[in-house]
Amino acid sequence: MKKALITPARYTAALAAVSLITLFYFHSHRFNVTTVAFTYLLAILGVSTIWGLGVSIFMSLAATLAYNYFFLPPIGTLTIADPQNWVALFTFLTTSVLASDLATRARNQAAEANRRRREVERLYKFSQRLLSAGNPIELLNAIPRQMVEIFEVGAAALFLSDKQKIYRSGMNLPQLDAEFLKATVAREDIEIDAERSLCFAPLRLGTRILGSLGISGPVLSRQSLEALGSLIAVAIERAHAIEMVGKTEAAREGERLKSALLDAIAHDFRTPLTSMKASVTSLLSPANLDQEQRIELLSIINEECDRLNRLVGEAAEMARLEAGEVKLQAETLRVMDLITAALEVCKGVLGARPIRINLKNPDLQVRADAARAREVLVHLIENANLYSSADTPITISAEENDDFVIFSVADHGPGIEEAELGLIFDKFYRGANQRYRVQGTGMGLPIAKAIVEAHGGTISAISQLGQGSVFSFSLPILKGATAHP
Amino acid sequence: MSTPTILVVDDEPQIRRVMRTTLSSNGYAVIEAKSGEEALELLRKEHPELVLLDVNMPGIGGAGNVPRDPRPIRCCHYHADCPQHRARQGARSRCRRG
(Lines give C-alpha, C1' and ligand atoms only; values in the text may rest on other atoms or scores of the structure.)
Protein backbone atom coordinates (compact mmCIF):
# COMPACT_ATOMS: atom_id res chain seq x y z
CA MET A 1 0.00 0.00 0.00
CA LYS A 2 2.75 2.36 1.06
CA LYS A 3 4.92 1.37 -1.90
CA ALA A 4 2.04 2.05 -4.35
CA LEU A 5 1.98 5.67 -3.20
CA ILE A 6 5.72 6.22 -3.05
CA THR A 7 6.51 5.25 -6.68
CA PRO A 8 4.19 7.78 -8.48
CA ALA A 9 5.38 10.44 -6.03
CA ARG A 10 8.98 9.83 -7.11
CA TYR A 11 8.11 10.07 -10.83
CA THR A 12 6.24 13.30 -10.17
CA ALA A 13 9.20 14.71 -8.23
CA ALA A 14 11.58 13.75 -11.09
CA LEU A 15 9.30 15.48 -13.57
CA ALA A 16 9.12 18.52 -11.31
CA ALA A 17 12.94 18.68 -11.14
CA VAL A 18 13.17 18.62 -14.96
CA SER A 19 10.49 21.31 -15.20
CA LEU A 20 12.25 23.55 -12.68
CA ILE A 21 15.61 23.30 -14.49
CA THR A 22 13.91 23.95 -17.82
CA LEU A 23 12.01 26.95 -16.45
CA PHE A 24 15.11 28.40 -14.85
CA TYR A 25 17.35 28.20 -17.93
CA PHE A 26 14.56 29.08 -20.42
CA HIS A 27 13.97 32.41 -18.70
CA SER A 28 17.60 33.35 -18.15
CA HIS A 29 19.37 33.58 -21.47
CA ARG A 30 22.83 33.94 -20.02
CA PHE A 31 23.69 30.20 -20.10
CA ASN A 32 24.61 28.13 -23.11
CA VAL A 33 23.05 24.76 -23.96
CA THR A 34 25.99 22.70 -22.61
CA THR A 35 25.43 24.08 -19.13
CA VAL A 36 21.77 23.17 -19.40
CA ALA A 37 22.65 19.60 -20.46
CA PHE A 38 25.07 19.19 -17.52
CA THR A 39 22.52 20.48 -15.06
CA TYR A 40 19.98 17.92 -16.28
CA LEU A 41 22.66 15.21 -16.00
CA LEU A 42 23.49 16.22 -12.44
CA ALA A 43 19.84 16.03 -11.41
CA ILE A 44 19.45 12.60 -13.12
CA LEU A 45 22.54 11.24 -11.34
CA GLY A 46 21.17 12.44 -8.04
CA VAL A 47 17.79 10.83 -8.65
CA SER A 48 19.28 7.50 -9.78
CA THR A 49 21.47 7.30 -6.69
CA ILE A 50 18.52 7.80 -4.38
CA TRP A 51 15.58 6.25 -6.20
CA GLY A 52 17.05 3.75 -8.65
CA LEU A 53 17.04 3.07 -12.35
CA GLY A 54 13.33 3.27 -13.23
CA VAL A 55 12.81 6.86 -12.13
CA SER A 56 16.13 8.03 -13.58
CA ILE A 57 15.44 6.57 -17.05
CA PHE A 58 12.03 8.21 -17.04
CA MET A 59 13.72 11.46 -15.99
CA SER A 60 16.38 11.05 -18.72
CA LEU A 61 13.67 10.76 -21.37
CA ALA A 62 11.77 13.75 -19.99
CA ALA A 63 14.97 15.83 -19.87
CA THR A 64 15.87 14.81 -23.47
CA LEU A 65 12.45 15.98 -24.70
CA ALA A 66 12.63 19.22 -22.71
CA TYR A 67 16.21 19.83 -23.88
CA ASN A 68 15.21 19.31 -27.50
CA TYR A 69 11.99 21.38 -27.29
CA PHE A 70 13.23 24.36 -25.29
CA PHE A 71 16.96 24.66 -25.97
CA LEU A 72 17.95 23.02 -29.29
CA PRO A 73 17.07 25.12 -32.35
CA PRO A 74 14.53 25.38 -33.80
CA ILE A 75 13.23 26.17 -30.32
CA GLY A 76 9.60 25.33 -29.62
CA THR A 77 9.59 22.23 -31.82
CA LEU A 78 10.70 18.63 -31.37
CA THR A 79 12.68 18.77 -34.61
CA ILE A 80 16.40 19.50 -34.84
CA ALA A 81 17.89 21.53 -37.70
CA ASP A 82 21.59 21.08 -37.12
CA PRO A 83 22.83 17.45 -37.40
CA GLN A 84 25.46 18.33 -34.76
CA ASN A 85 22.66 18.82 -32.27
CA TRP A 86 21.34 15.35 -33.07
CA VAL A 87 24.70 14.02 -31.88
CA ALA A 88 24.56 16.22 -28.81
CA LEU A 89 21.04 15.05 -27.96
CA PHE A 90 21.89 11.38 -28.51
CA THR A 91 25.04 11.72 -26.40
CA PHE A 92 23.02 13.39 -23.65
CA LEU A 93 20.46 10.61 -23.59
CA THR A 94 23.06 7.82 -23.66
CA THR A 95 25.18 9.44 -20.98
CA SER A 96 22.26 10.04 -18.69
CA VAL A 97 20.95 6.47 -19.01
CA LEU A 98 24.42 4.92 -18.56
CA ALA A 99 25.21 7.14 -15.60
CA SER A 100 21.84 6.28 -14.08
CA ASP A 101 22.57 2.61 -14.47
CA LEU A 102 26.00 2.90 -12.85
CA ALA A 103 24.72 4.96 -9.96
CA THR A 104 21.87 2.52 -9.39
CA ARG A 105 24.23 -0.45 -9.42
CA ALA A 106 26.49 1.19 -6.88
CA ARG A 107 23.48 1.95 -4.77
CA ASN A 108 22.19 -1.62 -4.98
CA GLN A 109 25.58 -3.04 -4.09
CA ALA A 110 25.83 -0.82 -1.06
CA ALA A 111 22.34 -1.87 0.00
CA GLU A 112 23.18 -5.54 -0.56
CA ALA A 113 26.40 -5.23 1.44
CA ASN A 114 24.48 -3.55 4.21
CA ARG A 115 21.84 -6.26 4.20
CA ARG A 116 24.50 -8.97 4.33
CA ARG A 117 26.23 -7.25 7.19
CA ARG A 118 22.96 -7.10 9.11
CA GLU A 119 22.27 -10.75 8.37
CA VAL A 120 25.72 -11.77 9.56
CA GLU A 121 25.24 -9.73 12.71
CA ARG A 122 21.91 -11.43 13.32
CA LEU A 123 23.36 -14.87 12.64
CA TYR A 124 26.11 -14.17 15.14
CA LYS A 125 23.63 -13.01 17.76
CA PHE A 126 21.45 -16.04 17.03
CA SER A 127 24.37 -18.46 17.43
CA GLN A 128 25.27 -16.81 20.72
CA ARG A 129 21.74 -17.31 22.01
CA LEU A 130 21.70 -20.94 20.89
CA LEU A 131 24.91 -21.62 22.80
CA SER A 132 23.43 -20.24 26.00
CA ALA A 133 20.37 -22.54 25.93
CA GLY A 134 20.55 -25.28 28.56
CA ASN A 135 18.89 -28.58 27.77
CA PRO A 136 17.57 -29.81 24.40
CA ILE A 137 13.91 -29.12 25.23
CA GLU A 138 14.70 -25.57 26.26
CA LEU A 139 16.79 -25.14 23.12
CA LEU A 140 14.11 -26.44 20.75
CA ASN A 141 11.55 -24.05 22.21
CA ALA A 142 14.03 -21.19 22.13
CA ILE A 143 15.00 -21.57 18.44
CA PRO A 144 11.74 -20.33 16.80
CA ARG A 145 11.36 -17.65 19.48
CA GLN A 146 14.88 -16.35 18.90
CA MET A 147 14.39 -16.39 15.11
CA VAL A 148 11.28 -14.23 15.40
CA GLU A 149 13.03 -11.90 17.81
CA ILE A 150 16.42 -11.57 16.13
CA PHE A 151 15.51 -11.80 12.43
CA GLU A 152 12.30 -9.82 12.94
CA VAL A 153 10.25 -12.33 10.96
CA GLY A 154 6.51 -12.77 11.42
CA ALA A 155 6.57 -16.44 12.32
CA ALA A 156 9.03 -19.30 12.52
CA ALA A 157 8.58 -23.05 12.75
CA LEU A 158 11.06 -25.81 13.43
CA PHE A 159 10.37 -29.40 12.43
CA LEU A 160 12.37 -32.33 13.79
CA SER A 161 12.29 -35.56 11.76
CA ASP A 162 13.15 -37.96 14.60
CA LYS A 163 10.48 -36.58 16.93
CA GLN A 164 8.00 -35.68 14.17
CA LYS A 165 7.30 -32.57 16.18
CA ILE A 166 6.93 -28.91 15.24
CA TYR A 167 8.08 -26.04 17.46
CA ARG A 168 6.54 -22.67 16.60
CA SER A 169 6.76 -19.04 17.49
CA GLY A 170 5.06 -15.87 16.27
CA MET A 171 1.79 -15.88 14.36
CA ASN A 172 0.36 -19.31 13.69
CA LEU A 173 0.31 -19.29 9.92
CA PRO A 174 -1.23 -22.10 7.90
CA GLN A 175 1.51 -21.70 5.28
CA LEU A 176 4.10 -23.02 7.74
CA ASP A 177 2.30 -26.33 8.21
CA ALA A 178 3.73 -29.80 8.65
CA GLU A 179 3.31 -30.65 4.93
CA PHE A 180 5.64 -27.88 3.76
CA LEU A 181 8.16 -28.55 6.49
CA LYS A 182 8.24 -32.29 5.74
CA ALA A 183 8.52 -31.58 2.02
CA THR A 184 11.63 -29.48 2.71
CA VAL A 185 13.23 -32.40 4.55
CA ALA A 186 12.49 -34.66 1.58
CA ARG A 187 13.73 -32.11 -0.98
CA GLU A 188 16.90 -31.42 1.04
CA ASP A 189 17.08 -27.95 -0.44
CA ILE A 190 16.18 -24.39 0.37
CA GLU A 191 12.98 -22.94 -1.03
CA ILE A 192 12.29 -19.24 -1.15
CA ASP A 193 8.81 -18.06 -2.08
CA ALA A 194 9.26 -14.28 -2.35
CA GLU A 195 5.66 -13.73 -3.42
CA ARG A 196 4.18 -15.21 -0.25
CA SER A 197 7.20 -14.17 1.88
CA LEU A 198 8.00 -17.74 2.84
CA CYS A 199 11.36 -19.48 3.20
CA PHE A 200 12.06 -23.11 3.98
CA ALA A 201 15.47 -24.58 4.75
CA PRO A 202 16.64 -28.06 5.75
CA LEU A 203 18.62 -28.47 8.99
CA ARG A 204 21.74 -29.96 7.52
CA LEU A 205 24.46 -31.60 9.58
CA GLY A 206 27.05 -32.93 7.15
CA THR A 207 25.07 -35.31 4.96
CA ARG A 208 22.29 -35.83 7.50
CA ILE A 209 19.08 -33.81 7.55
CA LEU A 210 17.77 -33.42 11.10
CA GLY A 211 14.62 -31.56 10.16
CA SER A 212 13.56 -28.31 8.58
CA LEU A 213 12.95 -24.69 9.23
CA GLY A 214 10.14 -22.45 7.97
CA ILE A 215 10.04 -18.68 8.15
CA SER A 216 7.27 -16.30 7.20
CA GLY A 217 7.94 -12.58 6.93
CA PRO A 218 10.86 -10.68 5.38
CA VAL A 219 12.61 -13.09 3.02
CA LEU A 220 16.13 -14.01 4.07
CA SER A 221 18.98 -14.59 1.61
CA ARG A 222 19.83 -18.09 0.49
CA GLN A 223 23.18 -17.88 2.23
CA SER A 224 21.58 -16.82 5.47
CA LEU A 225 19.07 -19.67 5.29
CA GLU A 226 21.86 -22.15 4.64
CA ALA A 227 23.83 -20.80 7.59
CA LEU A 228 20.74 -20.84 9.80
CA GLY A 229 19.99 -24.46 8.88
CA SER A 230 23.51 -25.60 9.72
CA LEU A 231 23.69 -23.49 12.85
CA ILE A 232 20.47 -24.92 14.25
CA ALA A 233 21.48 -28.48 13.32
CA VAL A 234 24.80 -28.09 15.13
CA ALA A 235 23.12 -26.54 18.18
CA ILE A 236 20.59 -29.39 18.42
CA GLU A 237 23.33 -32.01 18.02
CA ARG A 238 25.45 -30.28 20.64
CA ALA A 239 22.58 -30.14 23.14
CA HIS A 240 21.87 -33.84 22.58
CA ALA A 241 25.54 -34.69 23.09
CA ILE A 242 25.64 -32.73 26.36
CA GLU A 243 22.46 -34.46 27.52
CA MET A 244 23.95 -37.86 26.68
CA VAL A 245 27.08 -37.12 28.71
CA GLY A 246 24.89 -36.03 31.64
CA LYS A 247 22.80 -39.20 31.42
CA THR A 248 25.88 -41.43 31.35
CA GLU A 249 27.28 -39.58 34.35
CA ALA A 250 23.97 -39.91 36.21
CA ALA A 251 23.79 -43.62 35.41
CA ARG A 252 27.28 -44.15 36.76
CA GLU A 253 26.47 -42.19 39.92
CA GLY A 254 23.27 -44.21 40.27
CA GLU A 255 25.25 -47.46 40.16
CA ARG A 256 27.64 -46.21 42.82
CA LEU A 257 24.74 -45.17 45.04
CA LYS A 258 23.04 -48.50 44.58
CA SER A 259 26.06 -50.41 45.84
CA ALA A 260 26.48 -47.97 48.75
CA LEU A 261 22.80 -48.46 49.53
CA LEU A 262 23.21 -52.23 49.50
CA ASP A 263 26.15 -52.05 51.92
CA ALA A 264 24.27 -49.73 54.25
CA ILE A 265 21.11 -51.78 54.05
CA ALA A 266 23.07 -54.97 54.72
CA HIS A 267 24.34 -53.57 58.00
CA ASP A 268 21.27 -51.65 59.10
CA PHE A 269 18.87 -54.46 58.32
CA ARG A 270 20.97 -57.28 59.68
CA THR A 271 21.46 -55.82 63.13
CA PRO A 272 17.75 -55.83 64.08
CA LEU A 273 17.36 -59.17 62.30
CA THR A 274 20.16 -60.62 64.42
CA SER A 275 18.47 -59.42 67.63
CA MET A 276 15.16 -60.84 66.49
CA LYS A 277 16.63 -64.17 65.42
CA ALA A 278 18.53 -64.55 68.69
CA SER A 279 15.41 -63.70 70.72
CA VAL A 280 13.24 -66.12 68.79
CA THR A 281 15.85 -68.88 69.08
CA SER A 282 15.95 -68.41 72.85
CA LEU A 283 12.16 -68.38 73.10
CA LEU A 284 11.93 -71.60 71.11
CA SER A 285 14.70 -73.39 73.05
CA PRO A 286 13.85 -75.49 76.11
CA ALA A 287 15.73 -73.00 78.33
CA ASN A 288 14.15 -72.01 81.63
CA LEU A 289 12.95 -68.54 80.77
CA ASP A 290 10.83 -66.90 83.42
CA GLN A 291 7.88 -64.69 82.55
CA GLU A 292 9.92 -61.48 82.79
CA GLN A 293 12.63 -62.82 80.46
CA ARG A 294 10.04 -63.96 77.93
CA ILE A 295 8.47 -60.49 77.93
CA GLU A 296 11.92 -58.90 77.56
CA LEU A 297 12.73 -61.05 74.51
CA LEU A 298 9.29 -60.43 72.99
CA SER A 299 9.58 -56.69 73.49
CA ILE A 300 13.01 -56.76 71.80
CA ILE A 301 11.39 -58.47 68.80
CA ASN A 302 8.59 -55.89 68.88
CA GLU A 303 11.01 -52.93 68.98
CA GLU A 304 13.25 -54.36 66.29
CA CYS A 305 10.23 -54.87 64.03
CA ASP A 306 9.43 -51.18 64.45
CA ARG A 307 13.04 -50.28 63.69
CA LEU A 308 13.03 -52.35 60.50
CA ASN A 309 9.75 -50.81 59.50
CA ARG A 310 11.14 -47.31 59.96
CA LEU A 311 14.27 -48.26 58.03
CA VAL A 312 12.24 -49.49 55.08
CA GLY A 313 10.13 -46.32 55.17
CA GLU A 314 13.13 -44.01 55.23
CA ALA A 315 14.98 -45.92 52.52
CA ALA A 316 11.90 -45.69 50.33
CA GLU A 317 11.50 -41.98 51.03
CA MET A 318 15.17 -41.32 50.27
CA ALA A 319 14.79 -43.16 46.97
CA ARG A 320 11.68 -41.11 46.10
CA LEU A 321 13.40 -37.83 46.99
CA GLU A 322 16.45 -38.85 44.98
CA ALA A 323 14.34 -39.69 41.96
CA GLY A 324 12.58 -36.32 42.22
CA GLU A 325 9.26 -38.12 42.59
CA VAL A 326 8.26 -36.17 45.67
CA LYS A 327 5.97 -33.30 44.67
CA LEU A 328 6.23 -30.44 47.12
CA GLN A 329 2.98 -28.77 48.00
CA ALA A 330 4.29 -25.34 48.84
CA GLU A 331 2.10 -23.15 50.99
CA THR A 332 2.63 -20.14 53.18
CA LEU A 333 3.34 -21.26 56.75
CA ARG A 334 3.94 -19.43 59.98
CA VAL A 335 7.39 -20.35 61.27
CA MET A 336 6.04 -20.52 64.82
CA ASP A 337 3.38 -23.06 63.79
CA LEU A 338 6.02 -25.14 62.02
CA ILE A 339 8.24 -25.29 65.12
CA THR A 340 5.26 -26.08 67.38
CA ALA A 341 4.16 -28.91 65.06
CA ALA A 342 7.67 -30.40 64.99
CA LEU A 343 7.93 -30.26 68.79
CA GLU A 344 4.55 -31.95 69.07
CA VAL A 345 5.90 -34.88 67.00
CA CYS A 346 9.06 -35.09 69.15
CA LYS A 347 7.19 -34.74 72.44
CA GLY A 348 7.56 -38.43 73.29
CA VAL A 349 11.31 -38.70 72.81
CA LEU A 350 12.15 -35.30 74.30
CA GLY A 351 10.56 -36.06 77.66
CA ALA A 352 11.39 -33.35 80.20
CA ARG A 353 14.32 -31.88 78.26
CA PRO A 354 14.32 -28.07 78.28
CA ILE A 355 13.53 -26.56 74.86
CA ARG A 356 14.22 -22.91 74.05
CA ILE A 357 12.62 -21.15 71.10
CA ASN A 358 14.33 -18.04 69.83
CA LEU A 359 12.08 -16.26 67.34
CA LYS A 360 12.38 -12.46 67.09
CA ASN A 361 9.50 -12.02 64.69
CA PRO A 362 6.59 -14.27 65.74
CA ASP A 363 4.77 -13.58 62.43
CA LEU A 364 7.65 -14.74 60.26
CA GLN A 365 6.45 -16.86 57.32
CA VAL A 366 7.98 -19.33 54.90
CA ARG A 367 6.85 -20.87 51.64
CA ALA A 368 7.24 -24.62 52.05
CA ASP A 369 5.56 -28.00 52.03
CA ALA A 370 4.20 -28.21 55.57
CA ALA A 371 4.73 -31.95 56.15
CA ARG A 372 8.22 -32.03 54.65
CA ALA A 373 9.46 -28.89 56.37
CA ARG A 374 8.20 -30.30 59.67
CA GLU A 375 10.04 -33.55 58.91
CA VAL A 376 13.34 -31.67 58.54
CA LEU A 377 12.86 -29.96 61.91
CA VAL A 378 11.87 -33.26 63.52
CA HIS A 379 15.00 -34.96 62.15
CA LEU A 380 17.22 -32.21 63.53
CA ILE A 381 15.48 -32.06 66.92
CA GLU A 382 15.63 -35.86 67.30
CA ASN A 383 19.28 -35.78 66.29
CA ALA A 384 20.08 -33.11 68.87
CA ASN A 385 18.16 -35.16 71.43
CA LEU A 386 20.14 -38.32 70.61
CA TYR A 387 23.55 -36.71 70.81
CA SER A 388 23.30 -34.62 73.95
CA SER A 389 22.58 -35.55 77.54
CA ALA A 390 18.95 -35.32 78.62
CA ASP A 391 19.31 -32.39 81.02
CA THR A 392 20.91 -29.96 78.54
CA PRO A 393 18.62 -27.64 76.56
CA ILE A 394 17.98 -27.68 72.80
CA THR A 395 17.62 -24.24 71.24
CA ILE A 396 15.50 -23.74 68.12
CA SER A 397 15.83 -20.38 66.34
CA ALA A 398 14.56 -18.82 63.14
CA GLU A 399 15.44 -15.50 61.56
CA GLU A 400 14.99 -13.71 58.26
CA ASN A 401 17.96 -13.42 55.92
CA ASP A 402 17.28 -11.88 52.49
CA ASP A 403 14.74 -14.10 50.77
CA PHE A 404 15.11 -16.97 53.20
CA VAL A 405 14.31 -17.91 56.76
CA ILE A 406 17.27 -19.56 58.47
CA PHE A 407 16.24 -22.20 61.00
CA SER A 408 18.77 -23.57 63.46
CA VAL A 409 18.72 -26.31 66.05
CA ALA A 410 21.51 -26.14 68.64
CA ASP A 411 22.50 -28.75 71.20
CA HIS A 412 25.09 -29.03 73.97
CA GLY A 413 26.34 -32.45 72.95
CA PRO A 414 29.95 -33.60 72.51
CA GLY A 415 30.17 -31.93 69.09
CA ILE A 416 31.27 -33.29 65.74
CA GLU A 417 34.83 -33.43 64.52
CA GLU A 418 35.79 -31.02 61.76
CA ALA A 419 36.61 -33.79 59.28
CA GLU A 420 33.26 -35.43 59.88
CA LEU A 421 31.18 -32.26 59.47
CA GLY A 422 31.37 -32.28 55.70
CA LEU A 423 30.32 -35.94 55.51
CA ILE A 424 27.37 -36.18 57.85
CA PHE A 425 24.85 -35.19 55.15
CA ASP A 426 26.17 -37.85 52.79
CA LYS A 427 23.96 -40.82 52.29
CA PHE A 428 24.98 -43.85 54.31
CA TYR A 429 27.93 -42.10 55.91
CA ARG A 430 28.83 -43.76 59.19
CA GLY A 431 30.71 -41.52 61.54
CA ALA A 432 33.32 -42.80 63.94
CA ASN A 433 30.93 -42.48 66.87
CA GLN A 434 27.68 -42.70 65.03
CA ARG A 435 27.14 -46.33 65.84
CA TYR A 436 26.85 -45.52 69.51
CA ARG A 437 23.47 -44.08 68.72
CA VAL A 438 20.61 -45.60 70.60
CA GLN A 439 18.19 -45.68 67.72
CA GLY A 440 18.32 -44.16 64.29
CA THR A 441 18.87 -45.16 60.76
CA GLY A 442 21.66 -42.85 59.61
CA MET A 443 19.37 -41.56 56.86
CA GLY A 444 17.80 -38.67 58.77
CA LEU A 445 20.30 -36.01 57.74
CA PRO A 446 20.50 -37.00 54.05
CA ILE A 447 16.69 -36.98 53.92
CA ALA A 448 16.60 -33.54 55.58
CA LYS A 449 19.16 -32.32 53.05
CA ALA A 450 17.17 -33.64 50.10
CA ILE A 451 13.97 -31.98 51.37
CA VAL A 452 15.65 -28.62 52.02
CA GLU A 453 17.33 -28.65 48.60
CA ALA A 454 14.06 -29.51 46.90
CA HIS A 455 12.74 -26.24 48.39
CA GLY A 456 15.73 -24.34 46.96
CA GLY A 457 17.36 -23.96 50.38
CA THR A 458 20.62 -25.19 51.90
CA ILE A 459 21.51 -27.13 55.04
CA SER A 460 24.74 -27.05 57.02
CA ALA A 461 26.23 -27.76 60.42
CA ILE A 462 28.80 -26.08 62.62
CA SER A 463 30.23 -27.65 65.73
CA GLN A 464 32.73 -27.17 68.48
CA LEU A 465 34.06 -30.23 70.25
CA GLY A 466 32.86 -30.33 73.82
CA GLN A 467 30.48 -27.40 73.29
CA GLY A 468 27.80 -28.71 70.97
CA SER A 469 26.55 -28.52 67.40
CA VAL A 470 24.29 -26.17 65.47
CA PHE A 471 22.40 -27.48 62.44
CA SER A 472 20.99 -24.75 60.17
CA PHE A 473 18.80 -24.84 57.08
CA SER A 474 17.06 -22.25 54.94
CA LEU A 475 13.59 -22.18 53.43
CA PRO A 476 12.33 -19.49 51.03
CA ILE A 477 10.15 -16.67 52.32
CA LEU A 478 6.90 -15.93 50.49
CA LYS A 479 8.34 -13.07 48.43
CA GLY A 480 11.30 -15.20 47.37
CA ALA A 481 9.09 -18.04 46.23
CA THR A 482 9.28 -17.15 42.56
CA ALA A 483 13.06 -16.79 42.60
CA HIS A 484 13.42 -20.21 44.12
CA PRO A 485 10.56 -22.34 42.85
CA MET B 1 30.80 -72.64 93.27
CA SER B 2 29.69 -69.09 92.57
CA THR B 3 27.74 -68.07 89.44
CA PRO B 4 30.06 -67.81 86.41
CA THR B 5 30.27 -64.28 84.97
CA ILE B 6 30.26 -63.46 81.26
CA LEU B 7 31.31 -60.08 79.86
CA VAL B 8 29.35 -59.12 76.72
CA VAL B 9 31.00 -56.46 74.57
CA ASP B 10 28.81 -55.06 71.82
CA ASP B 11 28.00 -51.57 70.60
CA GLU B 12 24.43 -52.49 69.67
CA PRO B 13 22.23 -52.11 72.78
CA GLN B 14 19.55 -54.49 71.50
CA ILE B 15 22.09 -57.28 70.95
CA ARG B 16 23.36 -56.77 74.51
CA ARG B 17 19.78 -57.00 75.80
CA VAL B 18 19.18 -60.32 74.03
CA MET B 19 22.46 -61.76 75.28
CA ARG B 20 21.86 -60.59 78.83
CA THR B 21 18.39 -62.13 78.94
CA THR B 22 19.38 -65.39 77.28
CA LEU B 23 22.59 -65.89 79.25
CA SER B 24 21.01 -65.02 82.59
CA SER B 25 18.16 -67.45 81.95
CA ASN B 26 20.89 -70.09 81.65
CA GLY B 27 22.23 -69.18 85.07
CA TYR B 28 25.13 -66.85 84.20
CA ALA B 29 25.88 -63.46 85.67
CA VAL B 30 26.23 -60.98 82.83
CA ILE B 31 28.21 -57.77 82.72
CA GLU B 32 28.15 -55.50 79.68
CA ALA B 33 30.41 -53.08 77.85
CA LYS B 34 29.51 -51.07 74.74
CA SER B 35 33.09 -50.70 73.51
CA GLY B 36 36.51 -52.29 73.72
CA GLU B 37 37.70 -49.42 75.92
CA GLU B 38 34.85 -49.94 78.35
CA ALA B 39 35.56 -53.68 78.37
CA LEU B 40 39.20 -53.13 79.35
CA GLU B 41 38.06 -50.77 82.09
CA LEU B 42 35.63 -53.41 83.41
CA LEU B 43 38.27 -56.15 83.28
CA ARG B 44 40.34 -54.23 85.80
CA LYS B 45 37.54 -54.51 88.36
CA GLU B 46 35.67 -57.68 87.43
CA HIS B 47 36.89 -61.18 86.75
CA PRO B 48 34.59 -62.72 84.16
CA GLU B 49 35.09 -66.35 83.19
CA LEU B 50 34.24 -65.57 79.56
CA VAL B 51 34.30 -62.51 77.31
CA LEU B 52 31.96 -62.40 74.33
CA LEU B 53 33.37 -59.76 71.97
CA ASP B 54 31.80 -58.27 68.84
CA VAL B 55 34.29 -58.33 65.97
CA ASN B 56 32.90 -55.29 64.21
CA MET B 57 32.97 -52.34 66.57
CA PRO B 58 34.28 -48.80 66.42
CA GLY B 59 37.36 -48.19 68.57
CA ILE B 60 39.00 -51.17 70.24
CA GLY B 61 37.32 -54.42 69.37
CA GLY B 62 37.45 -57.07 66.73
CA ALA B 63 39.83 -59.92 66.18
CA GLY B 64 42.91 -57.77 65.81
CA ASN B 65 42.37 -55.97 69.10
CA VAL B 66 41.74 -58.69 71.62
CA PRO B 67 42.17 -57.24 75.08
CA ARG B 68 45.44 -58.80 76.16
CA ASP B 69 45.07 -59.70 79.76
CA PRO B 70 47.56 -61.72 81.74
CA ARG B 71 44.79 -63.57 83.56
CA PRO B 72 43.38 -66.78 82.10
CA ILE B 73 40.12 -65.66 80.45
CA ARG B 74 38.27 -67.39 77.68
CA CYS B 75 37.50 -64.88 74.97
CA CYS B 76 35.07 -65.55 72.20
CA HIS B 77 34.63 -63.31 69.17
CA TYR B 78 31.45 -63.12 67.26
CA HIS B 79 30.08 -61.05 64.41
CA ALA B 80 26.71 -59.54 65.15
CA ASP B 81 26.12 -58.54 61.53
CA CYS B 82 26.51 -62.08 60.30
CA PRO B 83 23.67 -64.48 59.77
CA GLN B 84 23.67 -67.00 62.57
CA HIS B 85 25.60 -69.61 60.60
CA ARG B 86 28.60 -67.42 59.89
CA ALA B 87 28.50 -66.00 63.39
CA ARG B 88 28.68 -69.41 64.97
CA GLN B 89 31.44 -70.57 62.67
CA GLY B 90 33.36 -67.33 63.15
CA ALA B 91 32.96 -67.49 66.87
CA ARG B 92 34.25 -71.05 67.06
CA SER B 93 37.20 -70.46 64.83
CA ARG B 94 38.23 -67.40 66.73
CA CYS B 95 37.78 -68.85 70.20
CA ARG B 96 41.01 -68.99 72.06
CA ARG B 97 42.05 -69.92 75.51
CA GLY B 98 43.72 -67.20 77.41
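Values below: all heavy atoms of this structure, side chains included; hydrogens, waters and symmetry mates excluded. So that the names make sense, note that chain A is the first sequence line, chain B the second, and so on, each numbered from 1.
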Point-to-point distance, once rounded to the nearest 0.5 Å, from CD of E12(B) to OG1 of T274(A): 9.0 Å
Partners meeting salt bridge (Lys or Arg N to Asp or Glu O under 4.0 Å) with R20(B) (sequence neighbours left out): E296(A), E32(B)
Point-to-point distance, once rounded to the nearest 0.5 Å, from CG of D10(B) to OG of S275(A): 8.5 Å
Trace of the side chain to side chain contact (heavy atoms under 4.5 Å, CB included) decision for Q293(A) with S24(B): CA-CA 9 Å; Q293(A) 285 164 336; S24(B) 47; 3.7 Å; yes
Separation between CD of Q14(B) and CE of M276(A), rounded to the nearest 0.5 Å: 11.0 Å
Distance (rounded to the nearest 0.5 Å) between T271(A) OG1 and I15(B) CD1: 6.0 Å
E303(A) and R17(B) ion-paired at < 4.0 Å: yes
Approximate separation, where rounding is to 0.5 Å, of S282(A) OG and L23(B) CG: 8.5 Å
I295(A) side, atom CD1; T21(B) side, atom OG1 - distance, nearest 0.5 Å: 11.5 Å
Residues forming a salt bridge (Lys or Arg N to Asp or Glu O under 4.0 Å) with E292(A), sequence neighbours excluded: none
Heavy-atom closest contact (T22(B) atom, L297(A) atom, distance): OG1-CD2, 4.3 Å
